[in-house]
J.: 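Structure below; questions to follow.
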Amino acid sequence: MRIGTVVGNIWATRKEEGLQGLKLLIIQPKKLDGQLSNEQIVAADRIGAGVGDEVIVTMGSAAVRSFSTTSICPIDAIVVGIIDGTEKS
């Protein structure tokens with residue numbers, strides 16, 4: 001899993017059938033030092049994250065399995081949590 005910030009939305013009127021009704025967000029992941037990386041990823045969202053939210057994203061096969069247990073959806077990343085706060089020791 002990775003921590004990142006939602007920096008945008010994606011609208012697509014034509015998309016793969018498995019993506020219909022699914023919100024797509026642009027996420028800018030954080031590096032280990034807490035700074036935003038230059039990388040951006042697209043993640044599916046079913047929990048209602050919005051621009052500016054700090055989120056937890058899972059990627060790869062874990063993202064596909066968390067989305068559906070009965071069918072395979074063409075996603076590589078999904079938002080699994082909106083962060084309320086963090087603490088480092």
Side-chain angles (χ1 to χ4, degrees):
M1 288 192 281
R2 297 184 74 177
I3 293 175
T5 300
V6 179
V7 296
N9 295 290
I10 293 179
W11 288 272
T13 54
R14 299 177 112 187
K15 47 188 169 181
E16 176 68 33
E17 185 177 315
L19 297 175
Q20 294 301 322
L22 190 59
K23 184 176 171 185
L24 300 174
L25 300 175
I26 302 169
I27 310 291
Q28 194 165 8
K30 287 192 175 184
K31 298 185 277 186
L32 292 176
D33 64 5
Q35 299 297 313
L36 291 175
S37 72
N38 292 329
E39 175 188 16
Q40 291 185 340
I41 59 173
V42 175
D45 174 50
R46 295 187 303 171
I47 61 174
V51 173
D53 283 340
E54 192 172 39
V55 295
I56 303 167
V57 176
T58 191
M59 300 174 71
S61 63
V64 174
R65 280 195 294 273
S66 70
F67 183 74
S68 173
T69 58
T70 58
S71 63
I72 294 183
C73 185
I75 61 170
D76 186 51
I78 189 167
V79 174
V80 294
I82 300 171
I83 297 173
D84 295 317
T86 58
E87 182 179 316
K88 290 185 180 180
S89 54

J.: Between the main-chain N or O of Val55 and the side-chain N or O of Asp53, is there a donor-acceptor pair closer than 3.5 Å?
T.: no
J.: State, to 0.1 Å, how close Asn9 and Leu25 come at their nearest heavy-atom pair, and which atoms those are.
T.: OD1-CD2, 3.1 Å
J.: Which other residues end up in the same hydrophobic cluster as Ile26, if Ile, Leu, Val, Met, Phe, Trp and Tyr are linked when side-chain heavy atoms come under 4.5 Å apart?
T.: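 Hydrophobic cluster check, Ile26: joined to Val7, Ile10, Leu24, Val42.
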J.: Say you draw a straight line from OG1 of Thr58 to CG of Asp76; how long is it, rounded to the nearest 0.5 Å?
T.: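 It is 9.5 Å, given to the nearest 0.5 Å.
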J.: For Lys30, give me all partners under salt bridge (charged side-chain N to carboxylate O under 4.0 Å, His left out), at least two apart in sequence or on another chain.
T.: Glu54
J.: Taking all non-hydrogen atoms of both residues, which atom of Val6 and which atom of Ala49 are closest, and how far apart?
T.: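 Taking every non-hydrogen atom into account, CG2-CB, 4.2 Å.
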J.: Please enumerate all residues that pass salt bridge (charged side-chain N to carboxylate O under 4.0 Å, His left out) together with Asp45, with sequence neighbours excluded.
T.: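 Testing Asp45 for salt bridge (charged side-chain N to carboxylate O under 4.0 Å, His left out), a comparison that skips the adjacent residues, returns Lys23.
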J.: So, applying side chain to side chain contact (heavy atoms under 4.5 Å, CB included) with Ile27, which one of Val79, Thr5, Ile3 is it?
T.: Val79
J.: If you count the non-hydrogen atoms of other residues, nucleotides and ligands that lie under 6.0 Å from CG in Asp33, is the total more than 12?
T.: yes
J.: Which atoms form the tightest heavy-atom contact between Ala44 and Leu22, and what is the distance?
T.: CB-CD2, 3.5 Å
J.: Would you say Met1 ends up clustered with Ile75 if hydrophobic residues are merged whenever their side chains have heavy atoms under 4.5 Å apart, either directly or through other cluster members?
T.: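 As far as the 4.5 Å side-chain criterion goes, Met1 and Ile75 are connected within one cluster.
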J.: Give, for atom CD of Gln28 and atom CD1 of Ile41, the distance between the pair rounded to the nearest 0.5 Å.
T.: 10.5 Å
J.: Write down the atom of Ala77, the atom of Val57, and the distance for their closest heavy-atom approach.
T.: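 That would be CB-CG1, 3.9 Å.
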J.: First locate atom CG of Leu36, then atom NZ of Lys31, and finally report the distance between them rounded to the nearest 0.5 Å.
T.: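 These two atoms lie 8.5 Å from each other.
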